[in-house]
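Take a look at the structure below.
Bear in mind the structure is a predicted one, so any value in this text is a computation, not a measurement.
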Amino acid sequence: QVQLVESGGGLVQPGGSLRLSCAVSGSIFSIHAADWYRQAPERQRDLVANITSGGSTNYAESVKGRFTIGRDNAKNTVSLQMNTLSPEDTAVYYCKVRLTNGWIYWGQGTQVTVSS
């Protein structure tokens, strides 16, 4: 059974950095494409970053230049490097992975809190 396990969230001060990971297990298929979403309290879930099957990346304007989405095929993981964090980045972050067989899976979410 395929599972996505997110990790790396936590409390960080403004200006700090965090690296989120989303590990795929239980599948013979590798990651085809992936997204990171975030949802702040009382807010909708927004797309933050995307990486395509070819490795191209796209970012929401609010995180462009600060966040980097990555993919490690050997480890079958997707990452989100978050730098220069601000309180506005506080949210639950979710990974969404499409495997090479076309199936889509969501991570359980990990809390990121940016506060002094």
Members sharing Tyr37's hydrophobic cluster, built from side-chain contacts under 4.5 Å between Ile, Leu, Val, Met, Phe, Trp and Tyr, are Leu47, Val92, Tyr94, Trp106

| query | Around atom CZ of Arg66, are there more than 12 heavy atoms of other residues, nucleotides or ligands at under 6.0 Å? | reply | yes

Side-chain heavy-atom pair [X], [Y] within 4.5 angstrom cut-off:
X      : Y      : answer
Lys96  : Ile104 : yes
Ser27  : Trp103 : no
Gln111 : Thr113 : yes
Val2   : Ser25  : no
Phe29  : Asn76  : no
Pro14  : Ser116 : yes
Val112 : Leu20  : yes
Ile31  : Thr100 : no

Pair Tyr105-Val24, side-chain contact (heavy atoms from CB on, under 4.5 Å): steps then yes or no:
CA-CA 9 Å; Tyr105 300 90; Val24 179; over 6 Å; no

Which residues pass the salt bridge (charged side-chain N to carboxylate O under 4.0 Å, His left out) test with Asp35, sequence neighbours left out?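 Not a single residue meets the salt bridge (charged side-chain N to carboxylate O under 4.0 Å, His left out) criterion with Asp35.
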
*Take Val78 and Trp36, measure what side-chain contact (heavy atoms from CB on, under 4.5 Å) needs, and give me the verdict at the end.*
CA-CA 9 Å; Val78 177; Trp36 284 97; 3.4 Å; yes

Keeping the roles fixed (side chain from [X], backbone from [Y]), state whether a donor-acceptor pair exists under 3.5 Å.
X     : Y     : result
Ser30 : Asn73 : no
Arg98 : Thr52 : no
Gln39 : Tyr93 : no

By side-chain hydrogen bond (donor to acceptor under 3.5 Å, both in side chains), Gln3 pairs with (sequence neighbours left out) none

* Establish, from distance only, whether the side-chain atoms of Gln81 and Ser79 form a donor-acceptor pair under 3.5 Å. => no

Output the distance between atom [atom1] ([X]) and atom [atom2] ([Y]), rounded to the nearest 0.5 Å.
X     : Y     : atom1 : atom2 : result
Arg38 : Ser62 : CZ    : OG    : 4.5 Å
Leu80 : Cys95 : CG    : SG    : 10.0 Å
Thr84 : Met82 : OG1   : CE    : 11.5 Å
Ile69 : Asn58 : CD1   : CG    : 9.0 Å
Asn50 : Thr57 : CG    : OG1   : 8.0 Å

Run the side-chain contact (heavy atoms from CB on, under 4.5 Å) test on Val97 and His32 for me, step by step, so that the C-alpha distance in whole Å, both residues' side-chain angles and the decisive distance to 0.1 Å come before the verdict. CA-CA 8 Å; Val97 172; His32 186 70; over 6 Å; no

Could you go through Asn83 and Ser17, starting from their C-alpha distance and side-chain angles, then the distance that decides it, and tell me whether this counts as side chain to side chain donor-acceptor pair (under 3.5 Å)?
CA-CA 4 Å; Asn83 299 324; Ser17 299; 2.9 Å; yes

